[in-house]
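Order of the sequence lines sets the chain letters (A, B, ...), proteins ahead of strands, with each chain counted from 1.
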Amino acid sequence: MYALLALTSHESAAVVQLRNDDGTPASPVQTVSRAALPAVVRALEEAHHPRWVWDRATHWYPDLLAANVRLERCHDLSLCQNILLYSAFAADTDYARQATPVPPEAENLRQGTPLGTNTSSQDSLFDAPVAAAKDKAWDLAAVAKELGAQKSAISSSTHPARLTLLLSAESAGALVAAEMHHEGIPWREDLHRRLLNDLLGPEPALHNRPEKLEALADLLRTELNAPTLNPDSPQELIRALHRAGIDAKSTRSWELQEFNHPAIAPLLTYRKLSRLFTTNGWNWLHQWVREGRFHSEYVVGGVVSGRWASRGGGAMQIPAQIRGAAVADPGYTFIVADAAQLEPRVLAALSQDSAMAAAGRDAAGQSKDLYAGIAAQGFGGDRSMAKIALLGAIYGATTGESGRLVPQLARMYPRALDYVENAARAGERGERVSTHLGRSTPPTGTDWHASQQSSSAPEQRRAESAARSRGRFTRNFVVQGTAAEWACCWLAELRRRLRALPPGTPSTGGLAVAGGPQLVAFLHDEVVVHCPVELVEEVSAILHDSSQAATDLLFGPIPLAFPVNVSVVQCYADAK
DNA sequence: ATGGAAGGCGCG
DNA sequence: AAAGCGCGCCTTCCAT
């Protein structure tokens, strides 16, 4: 059963209609005011458990969450279209040529709108200003038409089951992302401020450096004999360093570390603290933390490979330095789970390299550290060497230690290395490559093909360099993208199981609504659940079970598991 | 004046 | 030890 959700043609109200799986109407079209929508949606959810179909979850779900309405399933036409347009699995269908683009996200809902009087979850399509509504949101007919087109593209594709799984997981991701934004990460502003005060000094007046930062800048000016130096200016800095006899090619910290000069230590300290101040300082707190929660927006499918991105506050780049401020509420704890060596394991599964898979198991068939296993098989037990070699193979390293170690890996695991080599060669030829479930690389532009034909020597060098660069991209794409699919399936399974935890029913979200375990963060191969202490055992088991379920969904029965490390901590900084 | 590139560094 | 993938965010610097 589907429930189609759209706007009326004059965009002042919503329309809802139930449809059977074959697309025939199962209810009359119901017109609903904005105020009444959450109650209507809740009633339909409880009565029919439909799959909600909308142009994009970000247009509808935040308002529903604000009214405490949570949904089990959806089909996000925008995210699905984004996949189907490029998927090699659907290349021979009419869909890619005929699809109507989904209306874009209303600009006023997006970035630069810090949490304030007008949070994005309070706004909606209903009161989007005229300027933003130039591209009309879809009405019911458009939604129905696009759903039909997508279903037919899937069924006439080369791998309907895989695409169905991918689109279902991606849509579930859209629900998770909105819920995590709504929920936020518990954030102790007082602890964060104490940290800032200890490291930087008191909060400075507008446009001033904190006193400890200014003191470091002064020390640096003295050591470099450059009284007016602005240490934030790479140009001024490199000139001052050269004058002081420090012959660095750039001002990157790792390069400066090599020099022995009294200016280096204060400079490196300045860099570290300056970043804390500008990126995660008082401004960050003011902009992104409200009522003890850090609310950042997740962008599902925001990366070409299918990984998520984030918008506002950098939820996926929270530095270790400030993780001490993320503390679970009283009566709750964080359960932090990360998939161990996810990308290498994905490579072993994709390439069906049984030797590499065996390196991830012990004699009893239990999962063990894959890098350690590979190290034991061919790197004299040196785990870090094995890790550098494996990552080099996935990223396409050619020089340095990593580049030197790859050939040894190729002798040990020819199938796995062939798999990424083939992806790289295809990319160099300008071809498209795909993940296991069928997300494909965007096509190369016409200019790329033109540049490959160029004749003059310098142009040809550039063309070859561009081809190698694309080869590294496609080599990594198949692994990173399939890892993202695994993670998305893991998330979806996790969410489904958390919602089913008793007491409560799926339609009300059970505990998911009434203070139960909540997903509060997701970082590519890691999730954070904010969990009532009495449910730690159950939720930990669910994290493991969901991993196995995701593996089965993606790859079927394979002699390789995707183990997750689970740590139960009060404070995010203590994980692992 | 302002938008975008580049340098730098945080995360996976 | 510092090459090879994917991002977001902040500041400076340069072109339009």
Side chains of E493(A) and S546(A): is there a donor and an acceptor less than 3.5 Å apart? no
Looking at every strand, decide which applies to Q235(A) at a 4.0 Å heavy-atom threshold: base, sugar-phosphate, or nothing. sugar-phosphate
Considering the options E485(A), Q480(A), R439(A), which one meets the side chain to side chain donor-acceptor pair (under 3.5 Å) requirement together with S305(A)? Q480(A)
Distance, rounded to the nearest Å, where E526(A) contributes CD and dC11(B) contributes P: 12 Å
So R404(A), base contact, sugar-phosphate only, or nothing? Heavy-atom distance under 4.0 Å. nothing
Reading DNA chain C 5' to 3', which nucleotide is the first, and which the last, to come under 4.0 Å of any heavy atom in chain A? dA2(C) to dC14(C)
With the 90 degree cut-off around zero defining syn, does dG4(C) come out syn or anti? syn
At under 4.0 Å between heavy atoms, what does F477(A) touch on the DNA or RNA strands: base, sugar-phosphate, or nothing? nothing
Taking CG from L256(A) and C1' from dG8(B), how many angstroms apart are they, rounded to a whole number? 11 Å
Given dG8(B), is OP1 or OP2 found less than 4.0 Å from the side-chain N or O atoms of R271(A)? no
Just checking, any donor-acceptor pair under 3.5 angstrom between side chains of N476(A) and T474(A)? no
Between D76(A) and Y61(A), is any side-chain donor less than 3.5 angstrom from a side-chain acceptor? no
How many Å lie between CD on Q257(A) and P on dG8(B), as a whole number? 14 Å
With a 4.0 Å cut-off on heavy atoms, is T398(A) in touch with a base, just the backbone sugar-phosphate, or nothing at all? nothing
On the nucleotide dC9(B), are OP1 or OP2 found under 4.0 Å from the side-chain N or O atoms that S253(A) carries? yes
d(CH2, W254(A); P, dC9(B)) in whole Å: 10 Å
How is the base pairing of DNA chain C summarised as a dot-bracket string, given the Watson-Crick and G-U wobble criteria with both distances under 3.5 Å, [ ] for crossing and | for another strand? ....||||||||||||
Could you check whether A320(A) gets within reach of a base, just the sugar-phosphate, or nothing at all, counting any heavy atom under 4.0 Å? sugar-phosphate
If you count the non-hydrogen atoms of other residues, nucleotides and ligands that lie under 6.0 Å from CD in Q352(A), is the total more than 12? no
Base, sugar-phosphate alone, or nothing: which one does V479(A) contact when heavy atoms must sit under 4.0 Å apart? nothing
Just by distance, do the side chain of S87(A) and the backbone of I83(A) share a donor-acceptor pair under 3.5 Å? no
Sugar-phosphate only, base, or nothing, as touched by I318(A) at under 4.0 Å among non-hydrogen atoms: sugar-phosphate
Of E236(A) and S469(A), the one whose nearest nucleotide on DNA chain C sits closer to the 5' end is S469(A)
Using a cut-off of 4.0 Å on non-hydrogen atoms, how would the nucleic acid contact of R275(A) be classed: base, sugar-phosphate, or nothing? base
Does a side chain donor of either W284(A) or T279(A) reach within less than 3.5 Å of an acceptor in the other side chain? no
Is it true that the side chains of Y419(A) and R475(A) contain a donor and an acceptor less than 3.5 Å apart? no
Quick one: label T279(A) by what it contacts on the DNA or RNA (base, sugar-phosphate, nothing), any heavy atom closer than 4.0 Å. sugar-phosphate
In short, H436(A) meets R162(A) closest at the heavy-atom pair O-NH1, 3.0 Å
Base, sugar-phosphate, or nothing: which does Q480(A) touch, judged by heavy atoms less than 4.0 Å apart? base
Donor-acceptor side-chain pairing of W187(A) and H192(A) below 3.5 angstrom: yes
For the ring pair H181(A) and Y298(A), is the centre-to-centre distance below 6.0 Å? no
Within the 4.0 Å heavy-atom criterion, would you say R307(A) contacts the bases, only the backbone, or no part of the nucleic acid? base
Euclidean distance, atom CD of residue E343(A) to atom P of dC11(B) [Å, nearest integer]: 17 Å
note: F277(A), atom CZ; dC9(B), atom C1'; distance rounded to Å ~ 17 Å
In whole angstrom, give the distance that lies between atom CD of Q317(A) and atom P of dG10(B). 12 Å
